[in-house]
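The structure appears below as structure tokens.
Both counts, for ligands and for their atoms, begin at 1 and track the order of listing.
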Amino acid sequence: MTHTTDGPDHGTIDAVPTRYGDTMFRSRLEADWAATLDGNRIKWHYEPETITLPSGAVYIPDFWLHELGIWIEAKGEGIPRIEKAAELAKARACRCPGDCACPWPGGELVLAGRAPLDITRTETGRWPGRGYANWETPFGPSAYYLHCPACSRNQWITLRRPWLCRACRHGLENQTAHRAIDRRVRFVESTPAGGFGDPVTEEGDEEPDAPDPGEWGDKR
Ligand SMILES: [Zn+2]
Ligand SMILES: [Zn+2]
């Protein structure tokens, strides 16, 4: 996997408390993930719950996406301490014997929100500090981002079938699912200079296809 860590503190141990909106986050990466979720119209709560894991460890995940049943732990590269996220993922995964009856299809999903993927060198109009959202599950890169045409929610799913919208259970079999390395989900900087909505590429640069509705939405 190729990536760069050219952000101010992405991927470093030093966490710089960063304000975004009304919330003071523990790190720039957390604040940027909040901005990224906003930019992709995904609702979130920051550190809403203190969880006692089956091992007895106490864990406060960074983000709870309450419409989707997804936890996100923002961790830069080089910060491999996602054991608690992995334990939470196992504890909250679906164990339904037959058809899944969990409140969210497949149970709750836990993601590690990584530092952004840089814009590739083949793209023109490269702007420093901009890039694409990068995520993985605590067990590897097996979570896919897609758009539900029924309820218009952007979300992550695993490829465990059936593929259902985590919010409305609409079938998503016909939707295009993006891996992080597909570079389709814009990472949004939490700083005023970050912004959202300016084109990444200059004229003449061919877009692969139109972005999903809502994927490039406004900040709330
Ligand atoms: Zn289930
Ligand atoms: Zn839906």
Side-chain angles (χ1 to χ4, degrees), residues 33-46 48-55 57 59 61-73 82-113 132-180 182-188 196-197 208-220:
W33 263 98
T36 295
L37 293 169
D38 280 349
N40 290 284
R41 297 187 196 167
I42 297 170
K43 294 181 180 173
W44 52 270
H45 293 300
Y46 179 64
E49 194 176 336
T50 299
I51 296 170
T52 301
L53 295 167
S55 67
Y59 178 37
D62 293 328
F63 295 99
W64 169 240
L65 315 185
H66 54 281
E67 291 186 332
L68 303 172
I70 297 175
W71 301 93
I72 295 181
E73 180 69 25
I82 57 172
E83 291 88 352
K84 289 181 179 178
E87 187 179 351
L88 179 66
K90 282 182 181 148
R92 301 290 177 90
C94 171
R95 288 189 180 79
C96 300
D99 290 343
C100 178
C102 296
W104 294 276
E108 295 176 17
L109 178 62
V110 181
L111 299 178
Y132 296 93
N134 187 20
W135 65 85
E136 60 191 6
T137 71
F139 314 106
S142 55
Y144 294 75
Y145 183 93
L146 45 61
H147 177 80
C148 174
C151 72
S152 293
R153 287 185 177 89
N154 297 309
Q155 62 196 274
W156 288 270
I157 66 168
T158 66
L159 293 189
R160 172 183 170 142
R161 291 180 187 274
W163 299 353
L164 300 177
C165 172
R166 298 183 62 82
C168 78
R169 292 187 177 258
H170 182 79
L172 299 177
E173 300 280 344
N174 297 324
Q175 298 302 303
T176 303
H178 301 291
R179 300 163 298 174
D182 292 333
R183 287 178 160 78
R184 292 297 306 273
V185 183
R186 280 285 298 275
F187 191 77
V188 183
F196 199 77
D209 47 14
D212 296 334
E215 187 173 311
W216 302 74
D218 298 321
K219 282 184 176 180
R220 71 178 182 185

Just to be sure I understand the site: which N, O or S atoms from the protein are less than 2.8 Å away from the Zn ion (ligand 1)? Cys94 SG, Cys96 SG, Cys100 SG, Cys102 SG
Please examine the side chains of Trp163 and Tyr144, heavy atoms only from C-beta on, and report whether any two atoms are closer than 4.5 Å. no
Return yes if some donor-acceptor pair links the side-chain N/O of Trp156 with the main-chain N/O of Leu111 below 3.5 Å, else return no. no
Looking only at the aromatic ring of each residue, does the gap between the centers of Trp104 and Trp64 stay below 6.0 angstrom? yes
Give a yes or no answer on whether the side chain of Thr36 reaches the backbone of Val188 with a donor-acceptor pair at less than 3.5 Å. yes
Sorted by chain and number, protein N/O/S atoms nearer to the Zn ion (ligand 2) than 2.8 Å are Cys148 SG, Cys151 SG, Cys165 SG, Cys168 SG
Hey, which of Glu73, Glu49, Lys84, Glu87 is the one that makes side-chain hydrogen bond (donor to acceptor under 3.5 Å, both in side chains) with Tyr59? Glu73
Mutual orientation of the aromatic rings belonging to Phe63 and Trp44 [parallel < 30°, tilted 30-60°, perpendicular > 60°]: perpendicular
Cys165 to Cys168 - nearest heavy-atom pair and separation: SG-N, 3.3 Å
Please name the pair of heavy atoms, one in His178 and one in Arg184, separated by the smallest distance, quoted to 0.1 Å. CE1-NH1, 3.3 Å
Main-chain N/O of Glu67 paired to Arg166 side chain as donor or acceptor, under 3.5 Å: no
